[in-house]
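The block underneath contains the structure these notes are about, expressed in structure tokens.
Atoms considered below: every heavy atom in the structure, side chains included; atoms not considered: hydrogens, waters and symmetry mates. What you see is a predicted model, and the numbers here were worked out from it, not measured in a lab. Convention: sequence-line order gives letters A, B, ...; per-chain numbering from 1.
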Amino acid sequence: MEKYNPQAIEPKWQKVWDEQGVFAAEEDKAKKKFFGLIEFPYPSGDGLHTGHLRSNTAMDIICRKRRMQGYNVLYPIGFDAFGLPTENYAIKKKIKPQEATAKNIATFTKQLKEAGFSFDWSRSFSTTDEDYYKWTQWIFVQMFKRGLAEKKKETINWCTSCKIGLANEEVVNGVCERCGGEVVKKIKEQWVLKITKYADRLIKDLDTVDYLERIKTQQVNWIGKSVGAEIRFKIYDLRFKNEPLDELVVFTTRPDTLFGATFMVVAPEHQLISNFQDTISNFQEVKNYIEEAKKKSDLERTDLNKEKTGVEIKGIKAINPVNGQEIPIFVADYVMMGYGTGAIMAVPAHDERDYEFAKKYNISIKEVVAPLIKKETKDDKPTEKRDVVCAIVKDVKKNQILCLNWKKTGWKAFPMGGTDGENLIDAARREVREETGYKNIRFVKKIGEPFYQNFWRPHKDSNVFGKFETLFFELEDYEKDEVNEKEKEQHEAVWIDEDKVKEFINVSGPELIWQRYSGLDEKCFLGEGIAINSGEFNGLSTTEFKEKIVNWLKETVLGKKQIQYKLHDWIFSRQRYWGEPIPLIFCANCKKLAENPKSEIRNPKLNEGEILNPGWYVEENLPVVLPDIDDYLPTDEGDSPLAKKEDWVKTKCPVCGEEARRETDVMPNWAGSNWYFIRYTDPKNDQMMVDPAKAKYWLPVDWYNGGMEHTTLHLLYSRFVWKFLYDIGAVPKECGVEPYAKRTAHGMILGEGGVKMSKSKGNVINPDEYVKKYGADTLRVYEMFMGPFDQPIAWEDKSVNGVYRFLNRIWLLQDKLQAPSSKLQINSKSQIPNPKLVTLLHQTIKKVGEDIEEMKFNTAVAQMMILLNELEKQEEISATHYSLFIILLSPFAPHLAEELWQKLGHKESIQKENWPEYDVNLIKAEEFELVVQINGKVREKILVPAEIGEAEVKELTMKNEKVLKWLNGQEPKKIIYVKGKLVSMVI
RNA sequence: GCCCAGGUGGCGGAACUGGUAGACGCACAGGACUUAAAAUCCUGCGACUUCGGUCAUGCGGGUUCGAUUCCCGCCCUGGGCACCA
């Protein structure tokens with residue numbers, strides 16, 4: 001027999017697949033469709049990465065299995081080729097991006113084909129193809145026409161190294177996400193897409209899809225929805241208090257703490273300051289502070305460890321609308337202009353940042369939420385509202401505190417009880433006397449604000465909703481009354497050293513009391529609770545309060561309910577060359593006319609986007625082709641290099657015919673990649689973006705696998721674009737509101753030793769070398785076997801060889817093959833002499849099939865290895881068993897499987913075979929090893945028939961020599977039998 | 001700081017719903033074949049051991065006949081978010 005020679009068989013089969021177009025997908029209504037998608041690669045100059053291979057192989061395995069399961073499978077491939085990396089690569093190599101792209105795509109194509117992926121190459125395209133980006137531009141035009149695109153003066157993040165504006169999303173830790181370069185603020189006119197209009201749907205519709213939970217969480221967090229209120233605070237000039245100067249609007253998620261707002265803070269960029277510079281008495285000081293703040297980079301400003309700083313804005317005051325209190329206004333850089341209104345009401349008692357600030361600048365702190373300690377309550381029992389007083393009694397001489405030890409419940413607490421309408425001090429004295437006998441105690445002071453507790457009392461079998469007040473007493477003498485029997489039964493009084501009280505107490509209410517008494521309760525209370533010091537709202541729970549105050553604000557026109565998002569409009573302009581031109585034209589003349597209210601000249605065809613952006617019109621003649629220019633280098637001024645090409649920029653206004661100019665910004669990299677999967681279903685259509693009939697058949701994507709690094713931005717953007725296309729009917733309603741039914745993510749492949757691969761470290765793995773040395777099948781199986789698919793994993797060179805050995809041993813198995821039989825007989829034990837092997841075979845069919853579905857490829861491969869080990873032990877192997885094994889292997893190592901299949905005498909591709917099904921009855925072994933545990937330790941294993949009954953098991957084990965020895969004459973106190981597994985004895 | 005993963009032999013990792021910890025592979029050691037090497041095949045491979053066993057899944061507790069798995073507290077690693085009001 002010839003040797004296993006992947007270098008010969010792999011190209012052979014790749015050629016066959018290619019020539020016969022076996023993976024080309026056609027719509028076929030008779031078959032169920034499956035659309036498997038991987039993130040299309042960015043054809044960089046570095047060539048294909050091992051990470052691409054891992055993700056592609058995984059989806060390839062799934063798609064190959066689906067085909068064998070009878071699905072009509074679409075597994076497409078394309079290239080995401082616009083953008084900075086290529087442009088920078090081209091600059092470095094002194095070639096044009098067009099040239100670089102073509103070269104890189106050729107390399108990638110070759111490499112991808114050599115890996116044996118079952119892509120439908122007939123549908124392949126690049127985002128840089130004119131007939132593709134025509135439709136990318138078309139989508140932008142549709143958004144523009146519907147008012148979702150707007151040119152706005154934006155404070156943008158300008159990467160000084162890439163020389164482009166970055167979306168907020170692309171700034172990581174204050175530096176550029178891709179190059180790590182310095183990011184500065186710059187004001188520029190930018191096209192933005194109003195993704196925020198879709199924020200709610202982007203959260204809500206996550207309920208309809210099957211994404212990994214952490215991906216959903218990331219999406220939700222990124223959108224960052226907060227429900228709260230907008231509240232207007234009136235601002236007064238201290239010299240003229242009858243008329244408000246202005247209003248300061250804030251957003252808060254805790255309108256229920258409004259009574260506790262003791263100051264306000266505005267961001268350094270806030271308008272208020274420049275608006276009232278004449279009124280502000282310390283304007284110079286404020287201005288200095290703002291200058292200082294400006295100098296700090298975003299990174300410094302957002303450093304959480306930094307101490308908070310700020311300056312009071314003097315000469316003006318705000319009025320707390322709910323209680324009329326006059327409160328100071330500060331400027332401080334812990335408030336950001338970019339979120340909410342850039343101003344806050346500060347509630348130091350219930351917000352950590354405000355607390356820290358208030359402590360530093362000595363601003364009053366007012367508690368308005370009392371903690372509610374929720375314990376176990378019983379819904380079927382009555383709930384009693386009570387005012388409870390709690391007494392801390394101190395023996396000053398001995399430095400001891402009077403505590404109570406509850407006998408039945410085990411509570412360790414202080415004397416306390418209901419007030420029954422008495423005043424607090426009297427009630428406390430009475431409780432102390434009743435519970436402990438001590439008669440003479442002197443009231444010293446009240447400790448803190450009240451708190452609430454909701455709990456079930458076993459000794460009275462009812463629930464209590466109690467308001468707890470704490471009083472502090474000093475013991476005057478030891479004179480005491482006899483405590484009555486009933487009280488004695490329940491608890492005993494004990495004196496505990498003051499420094500041991502903390503350990504003694506074991507109930508959360510008294511724990512809180514003690515914290516407050518000993519001054520350890522430093523931090524503010526952030527949780528929900530019951531309103532105090534809040535006038536008519538006292539006693540309301542946080543939830544009730546929020547609802548009521550929002551209504552009150554609405555009635556008094558002092559505010560309203562408000563929802564805030566962290567998500568910002570999506571900055572869609574890039575001032576570089578290698579991207580899709582934004583297909584718009586600007587006419588200065590039209591803008592002037594549009595802004596003149598008396599103007600008669602109006603474009604009758606004007607639509608929403610154009611009203612929003614006066615003077616801007618869409619280029620109806622798409623595509624706007626990216627001109628081929630020689631000097632495509634970015635400019636320092638931040639204009640696109642396209643601006644230099646005057647003959648391209650100059651055009652006629654489509655409305656008034658006057659001289660007009662083209663937009664020179666291009667689209668970001670995301671533009672082409674957020675709808676590519678749609679185009680795969682109809683890649684050649686020159687009449688429309690996609691034929692609805694084809695879209696209807698293939699979409700949505702059934703399974704989308706990609707990197708974790710794309711699960712916020714790319715995923716969010718493409719979901720947004722999909723929803724928009726859905727709304728305008730460009731994708732049919734039947735496709736659903738979400739583009740991807742299922743999304744999974746693979747873990748990154750790290751370099752040897754667990755460090756990130758990078759060119760500078762010189763630890764980049766080049767797949768070509770491995771294909772050459774071991775073949776693509778080995779590489780594929782290795783990348784599946786190396787570890788859990790969803791976790792990052794280090795490349796281990798020496799392990800690749802083990803996988804090669806595995807494939808080679810399968811090849812060598814041919815030696816043991818019986819003469820091929822014509823009939824597959826796998827479902828009967830009696831006809832086959834080796835029932836154990838049949839069981840293992842069926843277990844393997846089950847395990848491999850299920851593991852592929854769960855992307856547990858590593859254990860699927862391990863199971864096939866187990867089967868191989870068993871097959872190798874046989875003298876002879878039936879063709880049936882062998883065939884089944886090869887079929888299971890085929891998605892993983894398609895070339896080898898195809899070759900062996902042909903050697904078995906088959907003319908058709910193994911891909912035409914059906915994926916095997918296992919027989920539930922055959923997975924079960926006829927015997928099993930019964931484990932005998934004595935006192936939790938394994939002492940013996942006995943081989944028993946599978947259907948053994950409990951009585952038999954007991955009989956068998958009690959006769960067993962080893963068991964008898966361990967029992968040592970004793971009768972087991974307890975015998976537990978777990979069917980089919982073990983028997984556990986306790987002696 | 002908050003959220004999410006995770007911590008198991010020399011290494012990558014297995015382990016269903018609480019039921020034999022270490023599947024499978026790598027590395028290593030010994031042996032066979034070979035003039036020799038590679039390849040291949042066979043055997044062994046958590047630690048300790050008085051060879052009966054004992055201890056072992058980051059650390060400390062708990063629940064249980066039984067815990068890698070569940071509960072409480074802590075330590076460490078990776079990832080995400082980060083003054084979001």
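- Residue contacts shown for N858(A) are limited to sugar-phosphate atoms, with no base heavy atom under 4.0 Å away.
- Going from atom NZ of K856(A) over to atom P of rA23(B) covers 18 Å, rounded to whole Å.
- Not one side-chain nitrogen or oxygen of R805(A) sits closer than 4.0 Å to the OP1 or OP2 atom of rA39(B).
- Residue N801(A) places no side-chain N or O under 4.0 Å from the OP1 or OP2 atom of rG25(B).
- The partner of rC48(B) is rG53(B), judged by Watson-Crick or G-U wobble contacts that both fall below 3.5 Å.
- Applying the 90° criterion around 0 to the glycosidic angle, rG66(B) comes out anti.
- With hydrogens and angles left out, the side chain of S799(A) and the base of rC26(B) share no donor-acceptor pair within 3.5 Å.
- Looking at heavy-atom distances under 4.0 Å, V986(A) makes contact with sugar-phosphate atoms alone, never a base.
- Using Watson-Crick or G-U wobble geometry with both donor-acceptor distances under 3.5 Å, rG19(B) finds its partner in rC65(B).
- S984(A) comes within 4.0 angstrom of a base, heavy atoms only.
- Summarising the base pairing, rC24(B) is matched to rG12(B) through a Watson-Crick or G-U wobble pair whose two defining distances lie under 3.5 Å.
- Close to rA85(B), at under 4.0 Å from its OP1 or OP2, lies a side-chain N or O of S226(A).
- Among the atoms of the strands shown, base atoms are found under 4.0 Å from some heavy atom of L982(A).
- Residue I866(A) is the one, among K965(A) and I866(A), whose nearest nucleotide of RNA chain B lies closer to the 5' end (criterion: closest heavy atom).
- At a cut-off of 3.5 angstrom, the base of rC65(B) holds no donor-acceptor pair with the side chain of K973(A).
- At the heavy-atom level, K941(A) lies under 4.0 Å from base atoms of the strands shown.
- Here N808(A) lies out of heavy-atom contact (under 4.0 Å) with every strand.
- At the heavy-atom level, I975(A) lies nowhere under 4.0 Å from the strands shown.
- Proximity of the aromatic rings of F357(A) and F330(A) is defined here by a centroid distance below 6.0 angstrom, and this criterion is met.
- Side chain of E230(A) to backbone of G559(A): no donor-acceptor contact under 3.5 angstrom is found.
- Look at rG6(B): its Watson-Crick or wobble partner, with both distances under 3.5 angstrom, is rC76(B).
- Listed pair K798(A) / rC26(B) fails the phosphate criterion, with no side-chain N or O lying under 4.0 Å from OP1 or OP2.
- At a cut-off of 3.5 angstrom, counting only N and O atoms as typed in the model, there is no donor on one side facing an acceptor on the other between the side-chain of Q791(A) and the base of rG78(B).
- Look at R939(A) and you'll find a side-chain N or O under 4.0 angstrom from OP1 or OP2 of rU54(B).
- Residue Q843(A) contributes atom CD, which lies 13 Å from atom C1' of rA23(B) at whole-angstrom precision.
- Per the geometry, NZ belonging to K981(A) stands 13 Å off P belonging to rA21(B), to the nearest Å.
- A ring-centre distance under 6.0 Å is found for Y804(A) and Y4(A).
- Residue contacts for E213(A): at a heavy-atom cut-off of 4.0 Å it reaches no nucleic acid atom on any strand shown.
- Taking 4.0 Å as the cut-off between side-chain N and carboxylate O, E961(A) and K965(A) do not count as a salt-bridged pair.
- A donor-acceptor pair under 3.5 Å is formed between the side chain of H350(A) and the backbone N or O of F525(A).
- Looking only at distances, no side-chain donor or acceptor of Y211(A) sits under 3.5 Å from a matching main-chain atom of T217(A).
- The CG-P distance, from L715(A) to rG80(B), rounds to 17 Å in whole Å.
- Base pairing analysis places rG1(B) opposite rC81(B); the two distances defining the Watson-Crick or G-U wobble pair are each below 3.5 Å.
- Comparing rG18(B) with rA67(B), their P atoms are spaced 14 Å from each other, to the whole Å.
- When each of G936(A) and Y804(A) is assigned the nucleotide of RNA chain B with its nearest heavy atom, Y804(A) is the one assigned upstream, toward the 5' end.
- Looking at heavy-atom distances under 4.0 Å, G224(A) makes no contact with the nucleic acid at all.
- For rG79(B), the base adopts the anti conformation, since its glycosidic angle falls more than 90 degrees from zero.
- Here the side chain of R939(A) pairs no donor or acceptor atom with the backbone of K962(A) at under 3.5 angstrom.
- Within 4.0 Å of F806(A), counting heavy atoms only, lies no atom of the nucleic acid at all.
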